[in-house]
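Labels below follow one simple rule: chain letters A, B, ... track the order of the sequence lines, proteins then strands, and each chain is numbered from 1.
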Protein chains: 2
Amino acid sequence: MDFKQLRYFLAVVEEGSISRAAREIPLAQPALTRQLRLLEESVGATLLERSRHGVSLTAAGSAFHREARRLLREFETAKHDARRIADGQLGQLRLGVTVMHLWVPQIVRLLNQFRQSYPDVSLKVQSLLSAPQVEALRHHQLDAGMLFFPPQDDDQLDSHCLYEDRLVLVVSKGSRLARHPPKTLAELTGEDFIWFERSATPVYHDKLIHAFQRRGFTPHVVQEGTDNATMLCLVAAGMGCTIMPEMTMTGAPEGVVSIALDDLDMVLPLMLVWRRDASLPAVRRLIDVAESLALSR
Amino acid sequence: MDFKQLRYFLAVVEEGSISRAAREIPLAQPALTRQLRLLEESVGATLLERSRHGVSLTAAGSAFHREARRLLREFETAKHDARRIADGQLGQLRLGVTVMHLWVPQIVRLLNQFRQSYPDVSLKVQSLLSAPQVEALRHHQLDAGMLFFPPQDDDQLDSHCLYEDRLVLVVSKGSRLARHPPKTLAELTGEDFIWFERSATPVYHDKLIHAFQRRGFTPHVVQEGTDNATMLCLVAAGMGCTIMPEMTMTGAPEGVVSIALDDLDMVLPLMLVWRRDASLPAVRRLIDVAESLALSR
DNA sequence: CGGCATCCATACAATAAAAGCATGGTAATA
DNA sequence: TATTACCATGCTTTTATTGTATGGATGCCG
């Protein structure tokens, strides 16, 4: 049983005649007659009333005709949609983003650009820290993630650097450090620091600590936080100073000031990460948009 | 492009393996591999991710799989429905009935029996006089009709007698005729008659007049009416007497009495009429029900 | 009234499509 | 390292579909 037979049937109904439909298709009339008979046999009902001046629909044929037309239309739609999904133009894309970056203009611009270029791909953005994103990617719960420090040389995951951020010192507006901006880490000896809790982002935390220790500097931590918004508020409240990726300063509260330090040159790459098997074509499109925007500082 | 390919695809998805699906179908594995490839070509997208331990759906394949399953299910439904329509078990039946008979218990019983036996055939009952029903039948605006005096030896229409009614004299309850019931038409000479307007039901009217004249009786008509309910009310109001099919007395108002006359023996057959081509199978079912109930007096 | 054109149906030959068979490559497993 | 299960490919056989020729029936028009 064949879609072809349905198409033949529609043509015959439209023409009101087997012969004329056969000329239109084109097909030899006996072949068409035969296919109609096969269709009727497979349906188990007479669909066409044969007469001298052509054929007309029976009641059953009329109902079947409506259904056949709908089925063919929907089949074409299904094929078209499958093509669009395979091309990354349609579907759903589950994207992980760290809270920290949801506010960053570059990321917002990227997401907006993607939405505009691929309006039929519905972006499901989830705010997750880096490590959970990696896990979710591996378990096919995310299709792409924006995170720091993806696993190196992973056989499943592939990544692309979206943006290379640098770190800045953040102090409260009225503080002594704001009035006399330091130039080096060494000048921060003895200052109170608000620091990321290690458990939240262990890789970031360890890399930062390591970078500082290489400069012979160990911060005096008076408070720990799990997200940058909270931490910036603590800084604004005068609890101490902190180190932040520069990007995240965009949404910072009023009472804080960022200061670039000469020897704080650690590069913090924000990576777009996805499964190497490229299981979801829309991910490729996201990578394309990211590359075309070239968010590099 | 083939429904068969869709079924193959579903089997493969269900089994998660081309080889296993091939064994299930059953089909040689290379044949299945080839049909899948053809399907993918026709869709224009890769639907299955081939690997060592079987196949899995791509994003496009997953969406297409849902659609394919739906399409196949709906195709089966369409076939099934067509069969049921062809068998008269499903669809719509437009039935004409004269107002006069809508109230008659025999007819009500017939319609109820039909509804019960064929609950999926929706009866669209239209109240029409006999002549308009014949016209509507010819123009395919009705599928069947219940009426008096269908055209004889019609090449389009066929008919079946539902019920042979007889005529009765109807008088008002308190009248002289009610107190001293006449036995023959001759006794009605000089009585005031309420009569059917000829234009409403010319055939019935003419036959009735003709039957009376054969008995040498000509009614003295004081009032004409187009429907029996009105006419019975006029009788009840004492305007005169009338002649009615006995059947229609069921719904008659309180103030009337019917009297059988010995020489008023004209038979009034209520006919079920339909197009001979039996274009609508449900009509055959209606005829069956009518015959099985055998409404004959 | 009788050719003529136009339907749809049938029979049979030609062609195209699908299936089967044999085989190969590859990766996981024991 | 041999085995097994998987999918892919080449070739042959079988099946399905189409085309050609033809027939019967009916309506049209000279």
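Judged by distance alone, the side chains of Thr98(B) and His101(B) do bring a donor and an acceptor atom under 3.5 Å apart.
Within residues 58-65 of chain B, no residue has any heavy atom under 4.0 Å from DNA chain C.
Mapping heavy-atom proximity under 4.0 Å, the span of DNA chain D touched by chain A runs 5' to 3' from dT17(D) to dT26(D).
Rounded to whole Å, the distance from CD on Glu41(B) to C1' on dA17(C) is 14 Å. One atom, CG of Asp2(B), and another, P of dA16(C), lie 19 Å apart when rounded to the nearest Å.
With Thr33(B) contributing its side chain and Gln29(B) its backbone, the two residues share a donor-acceptor pair below 3.5 Å.
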Margin query: Base contacts versus sugar-phosphate-only contacts with protein, heavy atoms under 4.0 Å: please encode nucleotides 5-13 of chain C as B, S and - from 5' to 3'.
Written below: --SBBBB--

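Remark: Glu15(B) engages no residue in a salt bridge (Lys or Arg N to Asp or Glu O under 4.0 Å) (not counting sequence neighbours). Listed by chain and number, the residues in a side-chain contact (heavy atoms from CB on, under 4.5 Å) with Arg138(B) are Val134(B), Glu135(B), Pro151(B), Asp154(B), Gln156(B), Leu157(B) (sequence neighbours excluded).
Using a 4.0 Å heavy-atom cutoff across all strands shown, Leu32(B) reaches no nucleic acid atom at all.
Sorted by first then second residue, the salt bridge (Lys or Arg N to Asp or Glu O under 4.0 Å) pairs that include residues 114-126 of chain B, not counting sequence neighbours, are Arg84(B)-Asp120(B).
Classification of Glu76(A) and Arg7(A) as a salt-bridged pair holds, one side-chain N sitting under 4.0 Å from a carboxylate O. Using a cut-off of 4.0 Å between Lys/Arg side-chain N and Asp/Glu carboxylate O, Arg275(B) and Asp143(B) are scored as salt-bridged. Arg70(B) and Glu74(B) are joined by a salt bridge, as a carboxylate oxygen and a charged side-chain nitrogen come within less than 4.0 angstrom of each other. Between Glu41(B) and Arg37(B) there is no salt bridge, since no side-chain N of the basic residue sits under 4.0 Å from a carboxylate O of the acidic one.
Below 30°, between 30° and 60°, or above 60°: for Phe9(B) and His65(B) the angle between ring planes is above 60°, a perpendicular geometry.
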